[in-house]
Amino acid sequence: MGKIDIDNLLSDLGFNEDEGEGVSEAHFVDPTGREPDGDDAGVSPFSETIDYSGEPEAPAPGEMFYPHGAPPEAPRDPDAGLPDALTSIYTPEQPQAHAKRDLGAILVEREIITGAQLSLAKGVMAQTPGSALVDVLVNQDADEVGIQRIVAELAGLPFEALDPELGDRAVCGKHIQRLSTKFCKKQQILPLREEGIRLVVGVIKPDEVFQLDDVKRRLGVASIKPVVISRGDLHRMLELFGEPDQQEMDLEDILSDIQEDDVQIAEDEVEELDLEKQAAESPVIRYVNYILQTASKEGASDIHIEPGERGIKVRLRIDGILFESMNPPAAMAAAIASRLKIMANLDIAERRLPQDGRIRCNIQGRKLDLRMSTLPTAHGEKIVLRILDTRSINVKLEDLGLDENTLRIWNNQVAEPNGIILVTGPTGSGKTTTLYASLRQMDKQKMNISTVEDPIEYQLDGVTQTQTHDRIGMTFAKALKALLRQDPDVVLIGEIRDLDTATTAVQAALTGHLVLSTLHTNDAPSSVTRLVNIGIEPFLVGAALNGVLAQRLVRRICQHCKQHIKPIEELGDFLEMHGLDRDTIVEGAGCEHCRNTGYSGRLGIYELLVVDDTLRDMIARNPNVSEFRRMCLERGMNTLREDGMNKVRAELTTVQEIRRVTESGH
């Protein structure tokens with residue numbers, strides 16, 4: 001603080017200063033408003049009563065009082081003439097002006113993470129109380145080194161990247177040994193080196209000041225200088241540390257810094273848990289319900305619960321893409337798995353073998369079937385739940401994304417009295433949805449429709465559905481043979497996997513039944529080759545096969561943030577090659593409605609092959625895939641790529657999506 005202002009002090013005591021300079025012309029203002037007169041003018045009424053010999057009065061608020069009437073001299077250089085212990089005290093640099101800004105905003109501004117990553121991380125934090133932004137971003141495989149550099153900058157501390165070539169020489173092994181690697185790993189600290197009487201310690205979270213006090217107390221060092229490091233460096237160094245040094249060293253040098261209590265025998269802890277009791281506890285039940293409700297609300301098709309070393313990762317598959325949703329603590333892994341096993345009537349004591357089960361539940365008024373699968377891993381059991389929602393399967397053919405011409409031809413195909421119709425594509429491409437939509441439009445009152453599935457995913461009214469059981473010999477082939485004795489008109493086979501099933505399906509088609517089934521092939525022409533490779537004679541394939549529909553699912557552009565932008569040069573050439581405008585494309589900018597992805601919902605792209613007499617003759621000659629595909633294109637078949645580009649032209653999806661789900665040759 002500066003010196004006392006005499007003018008202000010006089011003013012506070014009741015003197016007002018005239019327009020002239022100095023205080024000689026100051027006069028007293030009576031609080032009652034009476035002006036002094038006569039000899040009283042210019043004389044303070046307090047001049048006779050102020051006693052400066054007693055104790056000084058307290059200074060006014062905000063003023064500094066100096067008992068000797070003057071402030072002390074300016075401080076000298078803090079390091080000048082002070083003992084070494086004082087000069088070794090570490091003082092962190094002052095944070096920059098942007099230290100009060102949001103960490104996430106700075107990371108996006110520096111292009112260390114994207115806006116979509118930040119939005120996803122905040123969503124995980126909102127659904128995982130107590131989680132930190134940095135921890136969530138690191139779990140999402142963001143650039144940890146870049147993040148930690150910004151954390152260090154905001155904390156006013158230096159950042160250090162440890163040299164992996166130095167190995168355990170990059171750290172202070174003596175102090176790590178005294179603290180123990182378990183302590184260092186738990187507290188997320190790493191002694192690096194000694195600088196005089198000061199110890200440099202690497203930290204992950206700069207704001208954990210009590211950790212440094214604990215380290216200082218345990219090691220008995222004079223002071224500690226914290227520096228920020230990355231988790232990757234910390235774990236790598238702790239894994240390296242402790243490897244025996246093969247070089248011969250003097251025994252006294254080895255034992256000089258070792259104390260008797262530095263090494264303690266660690267006994268293996270066998271944790272006996274009552275899994276059934278733990279799974280029945282209210283917090284576990286509520287958390288599992290929370291996971292299921294969140295997945296239902298987000299419209300997820302799958303839930304992945306993946307245990308790890310540092311925690312559990314819960315991911316939801318939305319529109320075909322996995323998004324991280326929440327991070328429960330690692331201690332809850334066994335309890336969550338046990339709770340889900342109880343719901344699925346599985347053996348909670350068996351954690352070494354995979355198990356499959358089914359959960360039927362009502363979530364927010366919706367009846368859902370959850371197909372559950374467990375898999376033992378290094379850190380516990382990974383659980384995947386497939387959500388089977390009847391609302392998602394009750395889709396009409398007109399709403400699947402088939403163009404007008406393809407829809408008309410497909411309707412004619414499913415109206416045929418006999419033959420085989422195949423739907424092909426990878427897992428999760430919507431084959432079951434297409435087949436169920438085709439069955440739904442058939443006349444169930446006049447036709448006997450039966451299915452053989454593994455498993456029965458959805459219940460269809462008016463349709464006889466049969467579940468296969470391989471363990472008891474109820475295979476696709478045996479179930480299909482039994483169905484053919486039930487006087488069916490239409491038979492749906494979940495998948496043609498082997499020669500027996502394929503042979504029975506061909507025989508059913510040739511004897512007057514309409515057979516619908518699926519295959520796992522990349523395109524429609526490859527289905528013919530697959531049937532021949534399974535063991536069906538080419539002439540039988542040509543005689544029985546009516547048509548093949550290959551399909552993929554692509555994400556729709558979000559209608560809330562759709563925008564026109566100029567594509568990059570490479571993408572412009574691709575657009576021009578497919579007859580589109582190279583100067584503008586439509587993309588989703590990303591908003592809260594689409595989780596900043598730019599996509600919301602999905603639609604199908606299709607490749608329909610209709611087998612006519614010309615193609616039947618060619619199939620009988622057993623052509624190779626390339627030759628048969630070329631013939632199909634000459635006969636007017638549109639490829640998946642072409643149908644996808646038509647949907648890009650209609651501004652339903654993006655070029656990036658079409659290129660992602662279709663092969664370059666399409």
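What you are looking at is a predicted structure, and each value in this text was computed from that prediction instead of being measured.
A donor-acceptor pair is defined here as one N or O able to donate and one able to accept, closer than 3.5 Å; such a pair exists between the side chain of D319 and the backbone of G601. At distances below 3.5 Å, not a single donor-acceptor pair connects side-chain atoms of Q148 with backbone N or O atoms of V145. A donor-acceptor distance shorter than 3.5 angstrom exists from the side chain of T294 to the backbone of Y290, with no hydrogens or angles considered. A donor-acceptor pair under 3.5 Å is formed between the side chain of N139 and the backbone N or O of D135. A donor-acceptor pair under 3.5 Å is formed between the side chain of K341 and the backbone N or O of E350. The main-chain N or O of I605 is never found under 3.5 Å from a side-chain atom of K647 such that the two would form a donor-acceptor pair. A donor-acceptor pair under 3.5 Å is formed between the side chain of T374 and the backbone N or O of Q355. Side chain of T501 to main chain of D498: no donor-acceptor pair is present (N/O by atom type, distance under 3.5 Å, no hydrogens or angles). Proximity of a side-chain donor or acceptor of E160 to a complementary backbone N or O of I229 within less than 3.5 Å is not detected.
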- Message: Run K313 and E306 through salt bridge (Lys or Arg N to Asp or Glu O under 4.0 Å) and show every step you take.
- Response: CA-CA 5 Å; K313 184 180 293 185; E306 305 165 345; 5.3 Å; no
- Item | Criterion salt bridge (Lys or Arg N to Asp or Glu O under 4.0 Å) on R110 and E153, from CA distance to verdict | CA-CA 13 Å; R110 304 281 182 89; E153 181 180 332; 3.1 Å; yes
- After noting the C-alpha distance and the side-chain angles of V108 and I113, does the key distance pass the side-chain contact (heavy atoms from CB on, under 4.5 Å) rule? CA-CA 5 Å; V108 174; I113 63 174; 3.9 Å; yes
- Query: Given H520 and E495, is the side chain to side chain donor-acceptor pair (under 3.5 Å) satisfied, shown in steps?
  - Reply: CA-CA 8 Å; H520 286 89; E495 180 183 354; 3.0 Å; yes
- Are F323 and T597 close enough, and set up right, to give a side-chain contact (heavy atoms from CB on, under 4.5 Å), and what steps lead you there? CA-CA 11 Å; F323 294 92; T597 61; 3.5 Å; yes
- Message: Evaluate Q656 against E587 for side chain to side chain donor-acceptor pair (under 3.5 Å), listing each step before the verdict.
- Response: CA-CA 9 Å; Q656 292 86 343; E587 288 186 357; 2.7 Å; yes
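With salt bridges taken as basic N to acidic carboxylate O contacts below 4.0 Å, one links R555 and E657. Between R497 and D454 there is a salt bridge, with a side-chain nitrogen of the basic residue lying less than 4.0 Å from a carboxylate oxygen of the acidic one. Comment: D399 does not engage K396 in a salt bridge, judged by the lack of any side-chain N to carboxylate O separation of less than 4.0 angstrom.
The side-chain heavy atoms of V134 and V151, taken from C-beta on, include a pair separated by under 4.5 Å. Considering only heavy atoms from C-beta on, L212 comes within 4.5 Å of P226 through its side chain. When side chains are defined from C-beta on, L652 does not count as touching V648, because their heavy atoms never get closer than 4.5 Å. The side-chain heavy atoms of T521 and L422, taken from C-beta on, include no pair separated by under 4.5 Å. Here the side chains of K382 and P307 are in contact, with some heavy-atom distance below 4.5 Å. The closest side-chain heavy-atom distance from R339 to I285 is below 4.5 Å. Using a 4.5 Å cut-off on side-chain heavy atoms (C-beta onward), V586 and Q563 make no contact. Within the 4.5 Å cutoff, side-chain heavy atoms of C184 are placed close to those of L238.
A cation-pi arrangement, defined by a distance under 6.0 Å to the six-membered ring centre and an angle within 45 degrees of its axis, is absent between R556 and Y599.
Residues forming a side-chain hydrogen bond (donor to acceptor under 3.5 Å, both in side chains) with H175 (at least two apart in sequence, or on another chain): E194. The side-chain hydrogen bond (donor to acceptor under 3.5 Å, both in side chains) test applied to S119 returns N596, not counting sequence neighbours. Take H379 and apply the ring pair (Phe, Tyr, Trp, His ring centres under 6.0 Å) test, not counting sequence neighbours, and it matches no residue. Among residues two or more places apart in sequence or in another chain, the ring pair (Phe, Tyr, Trp, His ring centres under 6.0 Å) test is passed with H235 by none. By the ring pair (Phe, Tyr, Trp, His ring centres under 6.0 Å) test, F183 pairs with no residue at all, sequence neighbours left out.
Residue I493 holds its CD1 atom at 8.0 Å from CZ of F476, rounded to the nearest 0.5 Å.
Minimum heavy-atom separation, I147 to L107: CA-CD2, 4.0 Å. For the residue pair C361 and L370, the shortest heavy atom distance occurs at SG-CD1, 3.9 Å.
With 3.5 Å as the limit, one finds a donor-acceptor pair spanning the side chains of T662 and R641. A donor-acceptor pair shorter than 3.5 Å can be found between the side chains of H564 and E651.
Listed by first and then second residue, the salt bridge (charged side-chain N to carboxylate O under 4.0 Å, His left out) pairs that reach into residues 369-379 are R358-D369, R360-D369, sequence neighbours excluded.
Checking T424, D643, T433, T434 one by one against Q551, the side-chain hydrogen bond (donor to acceptor under 3.5 Å, both in side chains) holds for a single residue, T434.
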